[in-house]
Each structure stands twice: as structure tokens, then as C-alpha cells.
Amino acid sequence: MSPSLIPSDVAAFVAAASRLPLTALQEIRHATAVAVRSGAYDLRAVPKLDAARFSALDRLVRDAFRPRAEELRAARPGGALSSAIGRTTMTAQAIWRRDRLTADAYATLTGAFPAYGVSVPDHPERPDHPERPAG
């Protein structure tokens, strides 16, 4: 599957997430880690993609962060780059397969990014997605 077959809303999310400032990426990493430890964010809830779709998404995310690899590696060796890629990939999977998630699960899986100005599409059950910035 070529990257051009990735849904446009997923590609737009990845592009926007990859431009976030380092501090925002670090805060998203921290917030997600806290939510996982508390049980509020269940990694098993992240919808799976088939191998071809996951490969295309993985390539898109890695390519988006590649220009920032040195910056992220220098900030937190062994962690900032892989965390940014991981959080972006999991959120992109939730966006791609949001029709398979409850509105609450979708809000949990995507909620970290809108606080930093990265829009996520509405969930089909909730067109007024509370974490979605206005505009």
C-alpha cells in the first residue's frame, strides 16, 4: 500500500503532529505515560491495522519525523524520537479506525494532541468532539 492510500485525515494529523515543538511532544509523552499507569489509557484499545496499512503508516510517520531526528535524539537519547513516533502512530491508528472505537475510547486515544493545536477528526458518534479545537 502506498502512502497515497493513507486517508487524508490521517496524513494531515501525522504532518501536524510532526511539526509540534519538542516541549509539546515531551508533554504528550508524559501525559500518555501517566494515563497508561493510571489505567485511563489502555494500549490494547489502539485499533490494529493490517500489515500493509500499518507498514504504510509507519513509513509515513517515520518519514515525517526524519528531519527532526537529531533534535529529538539530542533532547532525550533513546526516547524522544521513538516516543514521538509511537504516540503519533497510535493516535493515527485511532483516527484511521475510529469507526471501530466507542466515542469515549476515541477521545482517550486522541485527546493528548488537540491541547497542542493538532486537530483530530470527529468521532462518527460525536460530531462535537470535545477535544477538537474550534475553527
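- A side-chain donor-acceptor contact under 3.5 Å links S18 to the backbone of A15.
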*asked:* Checking T89 against R62 for the side-chain contact (heavy atoms from CB on, under 4.5 Å) test, could you report, in this order, the C-alpha distance in whole Å, the side-chain angles of both residues, the deciding distance, and whether it holds?
replied: CA-CA 9 Å; T89 300; R62 290 178 184 281; over 6 Å; no
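- Taking CZ from F65 and CG from L72, the interatomic distance works out to 7.0 Å, rounded to the nearest 0.5 Å.
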*Would you check, one step at a time, whether the test side-chain contact (heavy atoms from CB on, under 4.5 Å) holds for L57 with V14?*
CA-CA 9 Å; L57 177 61; V14 170; 4.2 Å; yes
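- Taking both residues in full, the closest heavy atoms of A94 and T110 are given as CB-CG2, 4.1 Å, listed atom of the first, atom of the second, then distance.
- Here I28 contributes atom CD1 and L20 contributes atom CG; the two are 5.0 Å apart, rounded to the nearest 0.5 Å.
- In terms of heavy-atom proximity, D99 sits nearest to P124 at CA-CG, 4.3 Å.
- Between V10 and I95 the shortest heavy-atom distance is CG2-CG2, 3.8 Å.
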*Decide yes or no on side-chain contact (heavy atoms from CB on, under 4.5 Å) for R98 and D9, but give the supporting numbers first.*
CA-CA 11 Å; R98 63 188 174 272; D9 53 0; 2.7 Å; yes
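- In this structure a side-chain-to-backbone donor-acceptor pair under 3.5 Å is missing from H123 to A105.
- Here CZ of R53 is found 6.5 Å from CZ of R97. Values are rounded to the nearest 0.5 Å.
- Nearest heavy-atom pair, L101 versus A45, reported as atom, atom and distance to 0.1 Å: CD2-O, 3.5 Å.
- Rounding to the nearest 0.5 Å gives a distance of 12.0 Å between CE of M90 and CD1 of I85.
- Ring geometry, F13 versus F113: the interplanar angle exceeds 60°, so the pair is classed perpendicular (tilted spans 30 to 60°).
- Here D58 contributes atom CG and T88 contributes atom OG1; the two are 11.5 Å apart, rounded to the nearest 0.5 Å.
- Side-chain N or O atoms of Q93 include one that pairs as donor or acceptor with a backbone N or O of P47 at under 3.5 Å.
- When all heavy atoms of A16 and V118 are compared, the closest pair comes out as CB-CG1, 3.9 Å.
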*Do V34 and R29 pass the side-chain contact (heavy atoms from CB on, under 4.5 Å) test, and can you show the C-alpha distance, the side-chain angles, and the key distance before you say yes or no?*
CA-CA 9 Å; V34 168; R29 179 196 59 79; over 6 Å; no
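- With S55 contributing its side chain and A51 its backbone, the two residues share no donor-acceptor pair below 3.5 Å.
- For the residue pair E125 / Y106, no side-chain donor-acceptor distance below 3.5 Å is found, with atom types taken as modelled.
- A donor atom on one side chain and an acceptor atom on the other are not found under 3.5 Å apart for T91 and R87.
- Once rounded to the nearest 0.5 Å, the distance linking CG of L25 with CG of L81 reads 10.0 Å.
- The two residues L22 and R68 make their nearest non-hydrogen contact at N-NH2, 3.6 Å.
- Between D50 and F54, every side-chain heavy-atom pair lies at or beyond the 4.5 Å cut-off.
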